[in-house]
Amino acid sequence: MRPTAARLEGMPGRIIILLFFLPLILQCPWWGDTSMHKQRGVVVYTVSPFRQRGSKALIRGWLFNGYRRLAAQVPYWIVPFALGYGTYTWAKSRDAWQNSKAGHIALGGHH
C-alpha cells in the first residue's frame, strides 16, 4: 500500500484552501479509505455462485448418508439406552410394590 500523503493528514472531511483568493475545496478521506487511490498487489479469490451449489441434493444426501451414519452409531447408544430404560422400569415397579399393602407386609412395615 502507498503511504498516506502529507496533504491528506488530519481529520477527514472537507478542507477549504484559499488559492489566490479563490476557494479550493479538497475532500480528505478516512484512514484506510481506498476510494481515492487505486491499490495494487491485492489479490482476492472467490468462488462463483454458479459453482457453489450449496443446497444441491441436500435432502437426498441427508436421507441416505444421514441414515447410514445414524445406523453406524446404533450399537454405541442402544446398549446404554436399553440398560437405562430397564433400570427405570425395574425401579418404578419396585417402588410401586414397596408402597403397596403387599410390599409393606413383606418388608415387615406398617401400612
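- Note on V79 and W77: same hydrophobic cluster, where clusters join Ile, Leu, Val, Met, Phe, Trp and Tyr whose side-chain heavy atoms are under 4.5 Å apart, directly or indirectly.
- Here the side chain of N99 pairs a donor or acceptor atom with the backbone of D95 at under 3.5 angstrom.
- Between W62 atom CH2 and R69 atom CZ the span is 12.0 Å, to the nearest 0.5 Å.
- Heavy atoms only, all atoms of each residue included: P75 and A71 are closest at CD-O, 3.9 Å.
- Rounding to the nearest 0.5 Å gives a distance of 12.0 Å between CD1 of I78 and OH of Y85.
- Residues Y76 and L83 do not share a hydrophobic cluster, defined by chaining ILVMFWY side chains whose heavy atoms lie under 4.5 Å apart.
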